[in-house]
Number of protein chains: 4
Amino acid sequence: MVETVKPRRRQARGERRMAQLLNAAEEVFAADGFNAATTNAIAAAAGVSPGTLYQFFPNKGSMAAALADRYVDVLAEVHDPEAKVVGVPLDDVINRMVDPAIEIAEQHRAFEAMFWAQPCDKLRDSVTENVDRTIATRVPELDPSRRRLIATVTVKIFGALLPSILAASGRERAEMTGELKRVLRAYLLDVSD
Amino acid sequence: MVETVKPRRRQARGERRMAQLLNAAEEVFAADGFNAATTNAIAAAAGVSPGTLYQFFPNKGSMAAALADRYVDVLAEVHDPEAKVVGVPLDDVINRMVDPAIEIAEQHRAFEAMFWAQPCDKLRDSVTENVDRTIATRVPELDPSRRRLIATVTVKIFGALLPSILAASGRERAEMTGELKRVLRAYLLDVSD
Amino acid sequence: MVETVKPRRRQARGERRMAQLLNAAEEVFAADGFNAATTNAIAAAAGVSPGTLYQFFPNKGSMAAALADRYVDVLAEVHDPEAKVVGVPLDDVINRMVDPAIEIAEQHRAFEAMFWAQPCDKLRDSVTENVDRTIATRVPELDPSRRRLIATVTVKIFGALLPSILAASGRERAEMTGELKRVLRAYLLDVSD
Amino acid sequence: MVETVKPRRRQARGERRMAQLLNAAEEVFAADGFNAATTNAIAAAAGVSPGTLYQFFPNKGSMAAALADRYVDVLAEVHDPEAKVVGVPLDDVINRMVDPAIEIAEQHRAFEAMFWAQPCDKLRDSVTENVDRTIATRVPELDPSRRRLIATVTVKIFGALLPSILAASGRERAEMTGELKRVLRAYLLDVSD
DNA sequence: GATGAATGAGAGTTCATTCAT
DNA sequence: CATGAATGAACTCTCATTCAT
């Protein structure tokens with residue numbers, strides 16, 4: 001009994017540390033970008049020593065990957081697999097894809113940086129997978145590999161416009177977001193013929 | 001007249017070196033990206049000492065900027081301002097925008113890297129400007145600021161898909177290129193209503 | 001209490017290193033002067049890598065400043081604020097100002113170099129302050145700003161002759177030192193009328 | 001005849017170049033100090049190429065030395081060897097030593113920098129020599145080596161206070177200059193007993 | 001003479017990572 | 001687990017000087 005309690009405590013502490021470190025990494029990655037971010041800066045932001053950081057993450061990239069995982073989870077939480085996709089205006093589908101993603105990107109400040117960092121393919125892949133599935137449901141007759149291509153392109157477009165959206169606010173942001181949706185709607189309409 | 005030749009000779013050597021250095025920079029930027037590229041590596045690739053590099057360029061960014069300038073020039077050379085834009089299928093207009101850009105990107109190996117590097121806004125701006133002008137000719141009634149937005153989005157989409165296009169070849173590349181054109185056509189059609 | 005010892009240990013190693021680095025810096029600054037001294041040379045003289053140096057000092061100037069602080073401390077230790085300054089021959093006062101300073105300069109080989117280096121104003125200021133206070137005690141009726149001027153001039157004279165004194169030895173040094181004291185006595189006598 | 005004219009012209013051009021280069025060196029040395037001054041900067045300031053500079057001066061130090069020579073000459077021009085030194089108030093003698101020197105230092109902007117630069121011992125030596133001779137005339141019974149010592153000390157004091165004098169202006173400068181003269185008068189009075 | 005390109009060792013500084021404590 | 005000292009190669013950039021033209 002004692003043996004089981006102690007490990008739990010340890011694990012709990014460990015996870016707290018990891019979360020703490022990831023939060024710090026999020027700040028630093030968001031502020032400086034992946035390349036310019038410094039493991040020392042992350043450790044400092046987390047209030048621990050560099051050595052401690054390396055007890056939880058083998059290298060800088062793994063922190064980015066872990067952050068990406070976190071974002072994948074958040075996206076999954078928000079994603080409603082039961083959501084109607086067929087017999088619904090395309091605009092609604094796009095809204096349900098784009099809006100939560102933007103909101104998450106805004107709330108999780110390193111989302112944008114992680115979206116492009118090399119060690120975070122997972123994140124892009126996951127988003128792509130979601131889009132792919134949505135398309136699959138809505139346009140089942142589409143060839144899977146073609147569908148994959150379309151999903152990939154869709155995600156790249158999203159990634160390309162996201163920075164401008166996040167950098168803007170108010171009216172400007174609405175405009176940029178509108179433009180993103182316009183592009184996607186036009187493309188997806190064209191493609192689903 | 002004779003006097004002008006002598007100075008030219010000296011400048012000639014210098015300009016040869018500059019070209020040589022820019023070529024080397026192109027290689028290194030293409031291989032490593034702007035951030036990871038080192039001035040020493042560029043100098044070495046050019047077969048000169050680091051000091052020589054700095055006789056022609058005050059810093060790393062200026063090499064990127066010069067390279068960007070070069071690409072702007074190449075784009076300008078290829079661009080035919082007399083080309084018919086009105087009363088012509090949109091597909092043709094898009095082909096004439098996209099195909100030369102891709103070809104240039106392929107021939108000038110750092111084009112992609114420069115397209116995103118911070119010291120090279122000029123390049124993106126120049127491409128955006130070209131697109132803007134083309135739209136202006138074709139859809140004159142469009143509000144200029146809205147037009148600018150559309151051009152910007154168009155260029156971002158191009159930039160987002162370019163890496164995949166360049167990374168691919170043969171059938172795959174044709175597919176990616178086709179997809180890029182499809183996106184742009186759908187978007188621009190939608191927008192010019 | 002036990003807890004405080006452990007952190008101390010870590011700091012102890014660090015402070016040992018800092019002392020070691022400052023000693024090395026002292027050697028190198030003394031030998032080459034502040035400008036010509038290199039951080040790599042200092043690190044090498046301390047037997048550590050350049051990176052280690054920068055864990056304790058953010059830049060070259062800060063090492064000089066730290067050295068200057070050290071000398072300020074040594075001067076403070078030697079300075080007896082209770083020492084009689086009134087009702088005592090001026091020669092004694094001057095001896096008590098000059099002799100310890102020269103001795104410190106001799107024992108701490110970079111004293112002279114630090115005395116003039118820009119990042120070490122503190123050192124000159126501190127010495128000036130001491131002189132100022134001594135004059136204040138001995139000639140209380142003197143206008144403070146005038147007193148400051150006199151102290152400044154006194155210190156500059158000291159700094160100007162110090163190199164010759166340190167460079168000499170034996171009889172020559174005694175002569176130079178005597179000359180310094182003669183100047184100061186004559187000046188301070190003149191001034192306190 | 002032709003042969004004698006051409007060399008003259010060449011020499012004339014050469015001396016013009018040297019003067020031009022020295023003027024440039026004066027600016028740069030004055031602005032940056034001897035160490036921080038750059039031969040390239042000097043050449044640029046003179047409007048010539050680095051290679052040209054090295055056709056007239058073998059290295060950076062030699063430019064400083066040449067400048068020092070120039071200042072020695074200027075001092076000599078100003079110096080009146082017939083000036084009465086005996087049977088005249090000491091204040092007058094000091095004025096005639098100090099005032100022209102300060103004026104020269106002000107007019108020739110690198111005087112101060114050259115006064116301390118290592119390749120310019122000549123300048124200090126020359127000034128020292130002048131002072132030595134003046135003392136010799138006024139106090140002939142003084143032991144020559146002691147006289148040399150006094151002259152040296154006098155010059156060092158001058159050099160130590162000169163920067164403060166030049167940096168100041170108006171009332172402040174008058175104060176500093178006054179202080180310099182006070183020191184020297186007190187010292188020389190004491191010494192000539 | 002004059003040019004300016006060329007040199008190259010070396011400056012100060014950084015940082016992902018390791019390791020003794 | 002945590003610490004923070006330690007590493008060291010690598011980075012960007014400089015500059016007195018030389019040399020081909």
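FYI, side chains are in, hydrogens and waters are out, and symmetry mates aren't considered; it's all heavy atoms of this structure. Each chain gets a letter, A, B and so on, in the order its sequence line appears, and its residues count up from 1. The structure displayed is predicted, hence computed values, not measured ones.
Checked for salt-bridge contact, Asp125(A) and Lys122(A) miss the test: no charged N lies under 4.0 Å from a carboxylate O. Ion pairing between a basic and an acidic side chain is recognised when a charged N comes within 4.0 Å of a carboxylate O; Arg70(C) and Asp73(C) show no such pairing.
The side chain to side chain contact (heavy atoms under 4.5 Å, CB included) search around Pro119(B) returns Phe34(B), Ala64(B), Ala117(B), not counting sequence neighbours. Listed by chain and number, the residues in a side chain to side chain contact (heavy atoms under 4.5 Å, CB included) with Tyr54(A) are Thr39(A) (sequence neighbours excluded). Judged as a side chain to side chain contact (heavy atoms under 4.5 Å, CB included), and not counting sequence neighbours, the contacts of Ser49(C) are Thr52(C).
Minimum atom distance to the side chain of Gln55(D) is reached by dA2(E), of the listed dA2(E), dA6(F), dA2(F).
The closest side-chain heavy-atom distance from Ile42(B) to Phe29(B) is below 4.5 Å. A 4.5 Å side-chain heavy-atom check between Phe111(B) and Leu166(B) finds every atom pair outside the cut-off.
Here dC1(F) presents its C1' atom at 15 Å from CD of Glu15(A), a figure rounded to the nearest Å. Distance, Arg16(D) CZ to dG1(E) P: 13 Å, rounded to whole Å. Distance CG (Asp32(A)) to P (dT14(E)): 14 Å, rounded to an integer number of Å. One interatomic measurement links the two molecules: CG of Leu53(A) to C1' of dG4(F), which rounds to 13 Å at whole-angstrom precision. Atom CZ in Phe57(B) sits roughly 12 Å away from atom P in dA5(E) (whole-Å rounding).
Distances shown here put a side-chain N or O of Arg17(C) below 4.0 Å from the OP1 or OP2 atom of dA6(F). For Ser49(A) and dG4(F), the shortest distance from a side-chain N or O to OP1 or OP2 is not below 4.0 Å.
Judged as a side-chain hydrogen bond (donor to acceptor under 3.5 Å, both in side chains), the pairs with a partner in residues 24-33 of chain A (not counting sequence neighbours) are, in order, Glu26(A)-Tyr71(A), Glu27(A)-Arg109(A).
Heavy atoms of Phe56(A) sit under 4.0 angstrom from primed sugar atoms or phosphate atoms, though from no base atom.
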Intra- and interstrand pairs of DNA chain F - dot-bracket, Watson-Crick/G-U under 3.5 Å, | marks other strand | .||||||||||||||||||||
Polar pairs (N or O, both sides) under 3.5 Å between protein and nucleotides 12-15 of chain F?
residue, atom, partner, partner atom, Å
dT12(F), OP1, Ala37(B), O, 3.1
dT12(F), OP1, Lys60(B), NZ, 3.3
dT12(F), OP2, Thr39(B), N, 3.0
dT12(F), OP2, Thr39(B), OG1, 3.3
dC13(F), OP2, Tyr54(B), OH, 2.9
dC13(F), OP2, Lys60(B), N, 3.2

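Going from atom CD of Gln20(C) over to atom CD of Glu15(C) covers 13.0 Å, rounded to the nearest 0.5 Å.
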